[in-house]
Amino acid sequence: MAVGSVQITGTGQLIQLNRRLRAAGGPPLRQNMARRIRRAAEPLRNDLQDTMRGLTISSTGRSSGKRGGPSPTTRPLRATIAAAIRISVRTSGNPGARVWIDYSSLPPDLRGMPKVINTGRIRHPVFGNRRRWATQTATPLWWDKTVRRHEPRMRAEVARVVDDVRRQLGG
């Protein structure tokens, strides 16, 4: 599973239902369906954000005699990535919910970090010095594990929304 996007769709059911919604001319029904699908995806987004904010990133530490100091940036890494996690809902074309990382909202030097952190091993230059590198570790597969934990609930909720809307359409 790729970091950055997870999509829950009811495939054929949602597409067929969307055609019936369009034929019935029901914008309020479509808005209600979109709102309920978004609500089904919100716990996943919130959990992904909480997981990222609470993710432990550790290093082996400095040896004795090594210098250290404060970070040269004032950006909080985990909070910046967590803030870039978004939901989008489509009720036309390929309807469903998508939880994704908006890489365009991340600073250019952090755009690859969600994927790197998901591997569990972060190598980076020490304070920008490319002759000296550090390795840090994080919980591997943070994105994948969180998504897998929410997938059954989301699929069941989307199926429930589809059934409710189908009932409202009368069949």
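These values consider heavy atoms only, across backbone and side chains, with no hydrogens, waters or symmetry-generated copies. Quick caveat, the model's predicted, so the values are computed rather than measured.
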List for me each residue that meets side-chain hydrogen bond (donor to acceptor under 3.5 Å, both in side chains) alongside Arg123, sequence neighbours excluded, and say none if there are none. Thr135
Would you say the side-chain atoms of Arg111 pair up with the backbone N or O of Leu106, donor to acceptor, closer than 3.5 Å? yes
Got a donor-acceptor contact below 3.5 angstrom from the Gln136 side chain to the Ser59 backbone? no
Which residues satisfy the side-chain contact (heavy atoms from CB on, under 4.5 Å) test with Ala79, sequence neighbours excluded? Pro76
Which atoms form the tightest heavy-atom contact between Trp143 and Val99, and what is the distance? CZ2-O, 3.8 Å
Where at least one partner belongs to residues 31-45, residue pairs that pass salt bridge (Lys or Arg N to Asp or Glu O under 4.0 Å), sequence neighbours excluded: Arg36-Asp164
Residue list, side-chain contact (heavy atoms from CB on, under 4.5 Å) with Ala40, at least two apart or on another chain: Glu157
Sequence neighbours excluded, which residues qualify as salt bridge (Lys or Arg N to Asp or Glu O under 4.0 Å) partners of Arg153? none
Could you pull out the closest heavy-atom pair between Thr146 and Leu44, with the gap in Å? O-CD1, 3.9 Å
Taking only residues two or more places apart in sequence, or in another chain, which ones meet Ala138 in a side-chain contact (heavy atoms from CB on, under 4.5 Å)? Leu55, Ile57, Ile117, Ile122
Sequence-distant partners of Thr139, side-chain hydrogen bond (donor to acceptor under 3.5 Å, both in side chains), two or more places apart: none
With sequence neighbours left out, the residues meeting side-chain contact (heavy atoms from CB on, under 4.5 Å) with Leu141 are Asn118, Asp144, Lys145
Applied to residues 79-88, the salt bridge (Lys or Arg N to Asp or Glu O under 4.0 Å) test, sequence neighbours excluded, yields Arg86-Asp102
Measure across Tyr103 and Pro114 and return the closest heavy-atom pair with its distance rounded to 0.1 Å. CE2-CG, 4.0 Å
For Thr80, the side-chain hydrogen bond (donor to acceptor under 3.5 Å, both in side chains) test, sequence neighbours excluded, returns none
For the CZ atom of Arg78 and the CZ atom of Arg53, what is their distance to the nearest 0.5 Å? 12.0 Å
Could you list the residues that satisfy side-chain hydrogen bond (donor to acceptor under 3.5 Å, both in side chains) with Arg149, not counting sequence neighbours? Asp47
How many angstroms lie between atom CG of Leu48 and atom CD1 of Ile85, to the nearest 0.5 angstrom? 5.0 Å
